[in-house]
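As a basis for the values below, the full set of heavy atoms in this structure was taken, side chains included, without hydrogen atoms, waters or symmetry mates. Counting starts at 1 for both ligands and their atoms, following the listed order.
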Amino acid sequence: MTTGRVLVLNCGSSSIKYQLVDVADGVALAKGLAERIGEPDGHLHHQGTDGEVVRDDPIPDHVSGMRAILASFEEAGPDLSRSDLSAVGHRVVHGGERFTNPTLIDDGVVDAVDDLATLAPLHNPANATGIRVARKVLPDLPHVAVFDTAFHHTLPLHASTYAVPPAWRADYGVRRYGFHGTSVAHVSREACRLLGREVDDCNLIVLHLGNGASATAIAGGRSIDTSMGLTPLEGLVMGTRSGDVDPAVIAYLQRVADLSAQDVDDQLNRDSGLLGLAGANDIREVNRRADAGSRDARLALDVYCYRLRKYVGAYYAALGRVDAIVFTAGIGENDAEVRARSLARLERLGVVIDPARNASSRRDARSISPDGADVAVLVVPTNEELEIARQALEVARA
Ligand code: AMP
């Protein structure tokens, strides 16, 4: 078994989220968040081995954010210099066609992550900033980039190719890349473990239902189709993203509502999904409103669950044989109603949920289908930080 400790960093445009992970035990020894970087009301929260640090001071930039995080380790533990730290693992959203595996970072890799900003303008520049800052502050450790797209590099051409003009594909990289790969990699391995089967021998549909949401079809450990595309906008209904719409919507709204293409893109990403349908992006609030009689909230849940059923049906057809359907992330792990509704009336496909198991409030990886069901239905907690740590350690030790 691989042993070692990795500092996992997930750097956004105004935040740095981090965990110190012990890979062998799979536990986080410390975790925290520096947020509102560059704003007047910066905030840092660190949970260490010797207590907590909470600080409400301005954090002018990412360098000061990283220094404040290192100071919190000194104050509330663990002592990083004695933590036997083996690597720093960086979450990077888009790896494009170049990065199909976790990659040891050098200057060229950081520049390439920056260059991929054309594909992920909200995420990659922040990821590159985080890497630059962390390399400056922790220069003696190997730094490894773990890409959210990488798990999907196995997509066959018939699944990754959009039927669009050749120049779009050849010159601009317009194709399906897929996201949530780190989560899906972790959850699919855990699912096979739970089933007692080898990864090579397992066909799975993984439904990652968090604020972002995606479905992935996995045959023998390889992603063969996934619902997110060039960007994370495509596919399932999400917290604030529409998922699938007719692409003609953009030109239509330019004509009739005088919106720019950028306006429509922003609204499809930020004002749509559950928020656009029900006025709330958190499904717990949507459930509350539906229970209180809101028709909008009920429709939002209908659309959400129906879209899920369609993808399950499509990926069943793509795989031919399904050993398990796996729910993960905030909604997938916690919302029994969504699980039950999205798989209702699929008995003829061998998909059945046991109501008592589904309603259980257990937090561990578990089956919610009856014993001996043709298709197991599983709930598996995701752990992206552990997966990043594991992959970073492997690269650092290679
Ligand atoms: P994630 O992106 O995986 O952190 O998931 C965030 C989403 O999960 C939230 O916006 C909620 O909609 C949902 N969620 C979190 N906790 C619960 C819960 N206990 N019950 C139902 N939904 C939840």
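The nearest protein atom to atom 22 (N) of ligand 1, hydrogens excluded, is given as Ile283 CG2, 3.5 Å; this is a heavy-atom distance. Protein heavy atom at the shortest distance from atom 6 (C) of ligand 1 is Asn211 N, 3.7 Å. Nearest protein heavy-atom neighbour of atom 3 (O) of ligand 1: Gly330 N, 2.9 Å. Among protein heavy atoms, atom 16 (N) of ligand 1 sits closest to Arg284 NH1, 3.3 Å.
Using a 4.0 Å cut-off between charged nitrogen and carboxylate oxygen, Asp114 and Arg132 count as a salt-bridge pair. A salt bridge is defined here as a Lys NZ or Arg NE, NH1 or NH2 lying under 4.0 Å from an Asp or Glu carboxylate O, and Arg241 with Glu234 fails to meet this definition. Salt-bridge check for Arg321 with Asp374: failed, with every basic side-chain N at 4.0 Å or more from each acidic carboxylate O. A salt bridge links Arg341 with Asp302: the distance from a Lys NZ or Arg NE/NH1/NH2 to an Asp or Glu carboxylate oxygen falls below 4.0 Å. Salt-bridge annotation for Lys17 and Glu35: absent, with no side-chain N of the basic residue lying under 4.0 Å from a carboxylate O of the acidic one.
Near Gly210, with a cut-off below 4.0 Å to any heavy atom, the atoms of ligand 1 are 1 (P), 2 (O), 3 (O), 5 (O). Close approach of ligand 1 to Ile331 is summarised as follows: ligand atoms under 4.0 Å from at least one heavy atom of the residue are 8 (O), 12 (O), 13 (C). Every atom of ligand 1 with a heavy atom of Ala329 under 4.0 Å away is listed here by number and element: 3 (O).
Applying the 6.0 Å contact sphere to CZ of Arg345 captures no more than 12 heavy atoms from other residues, nucleotides or ligands.
Ranked by closest heavy atom to atom 11 (C) of ligand 1, the top entry among Thr382, Asn334, Asp282 is Asp282.
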